[in-house]
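Everything on this sheet refers to the single structure shown next.
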Amino acid sequence: MPTLGADMEAGTLVAWRKQPGDALHRGDTLAEVDTEKGVIDVEVFHDGVLDAILVPAGTRVPVGTPLATIRAAGEPAAAPVAAAPAAVPVPPGPPETGEVQPAAAVAPTLPLPTPPLYAPALDALGRLRISPSARRLARELGVDPRLVKGTGREGAIARADIQRTAAGLPAAPQAVAPVAPAVAPPAAPPSADRLDRMRRTIAAAMSRSKREIPHYYLSTTIDLHRAMSRLDCENERRPPEKRLLAGVMLLKAAAMAIREVPELNAVWEGERVVVKPVVHVGVAISLRQGGLVILALHDTASRSLDDLMDGLRDLTARARAGRMKSSELADSTITVTSLGDRGVDAVWGVIYPPQVAIVGFGKIVERPWAMDGGLFVRRVVTATLAADHRVSDGHRGGLYLDAVDRLLQEPERL
Amino acid sequence: MPTLTYREAVRQAIRAALAGDDRVLLVGEDVGRYGGAYACSKGLLEEFGPERVRDAPLSESGFVGAGIGAAIGGLRPIVEVMTINFSLLALDQIVNNAATLRHMSGGQVGVPLVIRMATGAGRQVAAQHSHSLEVWYAHVPGLKVLAPATPHDARHMLAAALADPDPVVIVEHAMLYATEGEVEESPAALDPWHAAVRREGRDVTLVTSGGSLAKTLAAAERLAADSIDAEVIDLRCLRPLDADRIVASVAKTHRAVVVDEGWKTCGLAAEISAILMERAFYDLDVPVARVASAEVPIPYAKHLEDAALPSVDRIVAAVKGLA
Amino acid sequence: MNDEGKIRATVLEILGGIAPEADLAALAPDANFRRELDLDSMDFQNFVIRVCKALAVHIPDRDAAQLTTVAKCIDYLR
Amino acid sequence: MTGALAKSHAHAMLRQMLLIRRFEERSAELYMQGKIRGFLHLGIGEEAVAVGAIAALDAEDRIVAAYREHAHAIARGVSPGAVMAEMFGKVTGCCRGRGGSMHLFDVGRGLFGGNAIVAGGMPLAVGLALADRMQGRPHVTCCFFGDGAVAEGEFHESLNLAALWRLPVLFLCENNFYAMGTALERHQSMPRIHRKGAAYGIEAAVVDGMDVLAVEGAVRLAVEIVRSTNEPYLLEARTYRFRAHSMYDAELYRPKEEVERWRKRGPLEIFPRQLRGWGLLDDAEWESLERDVAAEVEAAVAEAEAAPWEPVEDLERDLLVAPAGHEPGPARREP
């Protein structure tokens with residue numbers, strides 16, 4: 001049962017997409033798993049043959065429980081009497097898909113300008129550093145370990161930390177529901193229950209982010225005349241299914257601009273910030289009836305607009321169908337939220353941990369625009385940046401937004 | 001209840017065995033006229049005669065192998081290999097014959113033999129006389145290994161070992177012979193195969209055996225002064241290990257430190273740490289710590305030997321270092 | 001040419017596919033369904049794509065932007 | 001040759017040697033078919049030592065042998081079927097398939113094993129004799145070992161202990177002149193092995209190991225001395241193996257002519273010739289012996305083929321009598 005993020009304790013196996021004996025290739029979907037965030041496709045990371053299924057559909061198991069065994073092609077099937085394999089912890093966190101060089105090896109580590117107030121107790125792969133006994137106690141006492149300050153080595157969370165937090169919690173109902181409610185009321189309709197759980201999961205991440213990360217905010221208004229006219233004439237010549245959305249251009253510009261200020265494309269790993277060499281823009285996708293999920297549009301900066309459009313369409317469709325891939329949930333290195341054609345002029349984002357920056361695009365609107373002494377009517381967009389002041393500062397953030405602006409003035413280069 | 005030295009407890013145990021069963025004989029270097037290298041058989045030659053208290057030539061493989069053959073032939077020999085260091089010369093006989101014959105012969109041949117040997121360091125006798133290799137024997141299926149740490153266990157474990165139809169190795173830490181302790185005269189048949197809790201505690205489990213018990217208890221007292229309540233477990237039996245007792249204790253304390261005079265690499269402490277990882281993983285609040293001898297041949301100079309061996313200070317530091 | 005009833009049925013069916021939870025009966029013909037059904041630009045593009053396919057028509061990008069109510073759709077597609 | 005040689009006794013020994021010869025030839029074949037695995041050391045050419053010596057032992061005497069011990073097991077009465085099944089790894093083998101060719105045991109018949117460690121069994125023989133003497137039993141322990149074992153410490157420790165403690169051990173060296181690939185004179189400063197007894201005050205003798213009657217006579221005399229004096233005895237039987245040390249041996253260490261020379265005076269050449277000379281064997285009798293032996297060997301192979309394997313569930317059976325409480329249990333099944 002892959003861990004799909006620090007907040008996931010368990011998952012329910014919904015359905016098997018492969019049967020024993022099926023050939024497996026890297027990237028195939030092996031099974032579907034339901035989590036707070038919806039149904040996730042469990043990916044296979046290496047070729048082989050599905051040997052035996054260990055967890056039947058409909059079963060809820062904790063993170064790390066082996067779901068199936070895979071044997072190399074050509075190996076004989078495992079003997080039926082094979083003893084139940086001991087609980088083998090899945091390597092924490094999904095591996096970087098598409099990454100050639102390990103991020104840590106290449107990324108320069110930034111000297112921190114100021115000692116961190118409190119870094120989340122995350123280990124190198126974004127897993128919570130918590131002792132097994134403390135994890136069990138947290139479950140028993142209904143404490144969300146992500147909100148606990150660890151006093152152990154390198155911020156590890158120990159039993160005492162859990163007990164202290166449990167004792168310190170206000171008498172009011174927990175700010176965050178226990179991670180695994182003892183008895184999930186079956187009466188609530190699944191979608192409402194899921195929405196509630198999702199809302200709680202997002203609430204936990206956002207409140208921690210707001211409380212712990214010193215945000216600074218910048219905004220600029222960008223003239224989209226050239227970009228939009230190029231888009232319009234492009235779309236004229238294309239059938240509906242091939243037409244490009246303005247949002248895709250904004251996403252790509254936001255990704256390409258990282259070249260100028262790489263430290264914005266980084267994630268916290270324990271006490272250190274690791275700048276990621278490849279940009280995976282986390283696209284904020286709103287779901288029907290409210291709710292939001294951030295999915296990585298992999299390698300955003302180097303893909304064509306058409307490729308990104310297809311990627312975005314696929315992500316959006318699967319997000320709304322509740323079928324997301326584990327790598328999409330965990331890989332984003334910087335988030336872009338855009339309100340598109342509804343909503344307001346500007347959106348000020350809240351950074352999504354463990355990232356260090358979030359870019360916002362408001363509605364594309366027509367505005368009077370003074371240029372070269374003349375007054376014109378131009379379609380413009382307000383671009384905002386909210387970033388972690390421990391990692392970058394206003395000057396660097398400004399350079400970034402300026403770069404986004406310049407890129408949008410040469411749409412042919414996107 | 002009388003107080004005996006560990007040495008006297010061993011002597012009384014051997015004497016009682018010889019007196020109680022005429023199949024029993026004691027074979028070993030200088031066990032007869034010399035009275036035993038650690039004086040554990042003084043007076044037995046005079047009382048039982050040269051046939052049953054038999055001085056052996058310096059042929060460890062020879063007389064240990066002969067002991068095995070005699071056990072197969074119906075006797076109940078107690079073979080004393082002066083120290084575990086010399087038992088290396090008889091390893092082939094112990095491992096390839098004693099431990100193996102019953103299983104390999106399909107159940108036809110049993111080896112009801114007891115092999116006693118001194119072990120451990122602390123008397124500045126340098127590397128070749130200071131080994132703690134009991135884990136080598138504890139590694140071998142077909143053998144049982146006992147480590148009496150107190151005069152009481154030294155007095156009563158031998159009888160249980162002799163009654164066992166399979167080979168039993170008893171390791172007696174050289175520094176214990178001079179220690180004293182209460183010895184209950186004739187308890188109900190002593191069960192040597194399980195660990196004992198020598199000190200109850202709630203905060204951390206200290207697992208140890210043989211010559212390291214005293215240091216570990218001393219460390220527990222020092223920790224108590226810092227309001228750390230340590231539970232001390234004396235393994236008593238190194239094979240089979242009383243895993244249930246260790247796991248139960250860690251389920252209570254959530255912390256474990258293993259103290260063993262052997263070396264850390266592939267040592268007894270490594271085995272106990274693996275058992276805890278497998279069977280008490282969800283009870284562990286911190287990684288299991290091990291306090292063992294430094295990975296060096298034990299040196300002669302006192303200050304170096306003391307630095308190499310587990311000490312009260314190192315045990316206390318290990319407990320406080322748990323995080 | 002497609003008659004009015006077929007167009008309405010198709011448009012509503014497609015809108016239902018995109019916003020399954022929406023109460024289409026309550027959707028007035030001249031109501032801006034992009035706002036009523038909370039469709040974002042991706043949803044609207046999918047709507048245009050499916051209409052073209054269902055009714056085998058071609059809607060240039062420029063015209064597509066006008067199709068914001070069921071009534072306008074019917075006028076345009078008739 | 002003292003006393004009239006009963007024809008029946010002669011034929012019995014001849015039949016035993018022939019049975020052992022055909023049994024081991026068939027074993028070589030089965031090894032190459034993969035039916036017998038691991039190591040296989042054939043004593044083809046040395047049959048007279050085991051058959052002659054064991055013919056001179058009492059039923060209660062004890063035998064400790066080494067890893068070239070098919071002949072000793074069969075000569076002692078272990079059924080060829082039980083030996084073959086053991087080499088097939090079957091549960092009907094004399095050790096339930098756990099020992100294989102190098103570890104044949106039959107405690108009921110006083111065979112305390114093969115032993116794959118060179119000279120590994122010698123101290124055991126000393127111990128067995130110690131137990132017999134201390135418990136007033138008149139048995140002799142006959143300890144078979146090869147010339148290679150003479151280089152091991154256990155040889156010297158065992159002879160010294162047996163002499164020092166005056167124990168009834170017959171140390172019988174099957175000197176086939178090669179320790180695997182090393183000729184005797186290349187691994188022994190004093191290649192006349194029987195002379196090593198003198199170092200420990202042990203009476204010793206040498207005998208032609210190819211002549212079964214000579215071996216039987218020498219062992220009968222030696223056992224007589226041991227049983228009466230409770231002193232150990234060292235007998236060197238000079239013999240030769242016609243095949244490789246084990247199945248995988250290119251025999252680069254000895255000349256072909258030497259092998260041929262010894263083949264001409266093998267135990268199954270000398271004894272039949274002697275018997276024919278004394279009118280105690282004719283062609284018809286020889287043919288019927290051959291047929292009889294061939295049938296017994298094939299029956300042994302069939303028995304081994306058909307026999308079942310030991311169930312894997314019995315893997316830990318017979319490790320210990322009393323597991324003594326806590327074996328390290330299997331890891332607790334986490335939910």
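Keep in mind that what you see is a predicted model, and the values were worked out from it rather than measured. Naming convention: chains lettered A, B, ... in sequence-line order (proteins, then strands); numbering from 1 in each chain.
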Point to revise | Among the listed options B:Gln93, B:Arg52, B:Arg54, the residue most often paired with chain D at heavy-atom distances under 4.5 Å | key: B:Arg54
Exercise for review: Begin from the C-alpha positions of B:Val27 and D:Trp165 and carry the test side chain to side chain contact (heavy atoms under 4.5 Å, CB included) through to its verdict.
Suggested key: CA-CA 12 Å; B:Val27 183; D:Trp165 292 346; 3.8 Å; yes
Review point. From D:Ile117 CD1 over to B:Asn96 CG, what is the distance, rounded to the nearest 0.5 angstrom?
Key: 4.0 Å
Point to revise | Under 3.5 Å donor-acceptor, D:Asp132 side chain and B:Gly73 backbone | key: no
Exercise for review: Indicate yes or no: at least one non-hydrogen side-chain atom of B:Leu101 is less than 4.5 angstrom from one of D:His103.
Suggested key: no
Review point. Can you tell me how far CD of B:Gln108 sits from CG of D:Leu111, rounded to the nearest 0.5 angstrom?
Key: 8.5 Å
Revision key, fill the gap. Most heavy-atom pairs under 4.5 Å with chain D, out of B:Pro57, B:Gly107, B:Ala56, B:Gly65, belong to B:Gly65
Revision key, fill the gap. Bottom line for B:Arg245: the part with an atom under 4.5 Å from chain D's heavy atoms is neither
Review point. Under the side chain to side chain donor-acceptor pair (under 3.5 Å) criterion, do B:Asn97 and D:Asn115 qualify, and how do the steps go?
Key: CA-CA 9 Å; B:Asn97 285 332; D:Asn115 196 310; 3.0 Å; yes
**Study point:** Note, B:Leu25 side chain near D:Met134 side chain (heavy atom, < 4.5 Å)
**Key:** yes
Check your understanding: How about D:Arg96 and B:Met104: do any of their side-chain heavy atoms sit closer than 4.5 Å?
Key -> no
Practice item. Select one option (side chain, backbone, both, neither) describing which atoms of B:Pro165 are under 4.5 Å from chain D's heavy atoms. Key: side chain
Check your understanding: Hey, what do you get for CG (D:Leu320) to NE2 (B:His103), rounding to the nearest 0.5 Å?
Key -> 10.0 Å
Review point. Hey, are the side chains of D:Arg98 and B:Ser105 touching, using non-hydrogen atoms and a 4.5 Å cut-off?
Key: no
Practice item. Step by step, work out the side chain to side chain contact (heavy atoms under 4.5 Å, CB included) result for D:Glu157 and B:Glu60. Key: CA-CA 9 Å; D:Glu157 294 183 18; B:Glu60 285 77 6; 5.6 Å; no
Revision key, fill the gap. Scored by heavy-atom pairs under 4.5 Å with chain B, the best of D:Ala125, D:Gly153, D:Gly120 is D:Gly120
Study note, to complete from the structure: Separation between CG (B:Asp92) and CD (D:Glu152), nearest 0.5 Å, reads 8.5 Å
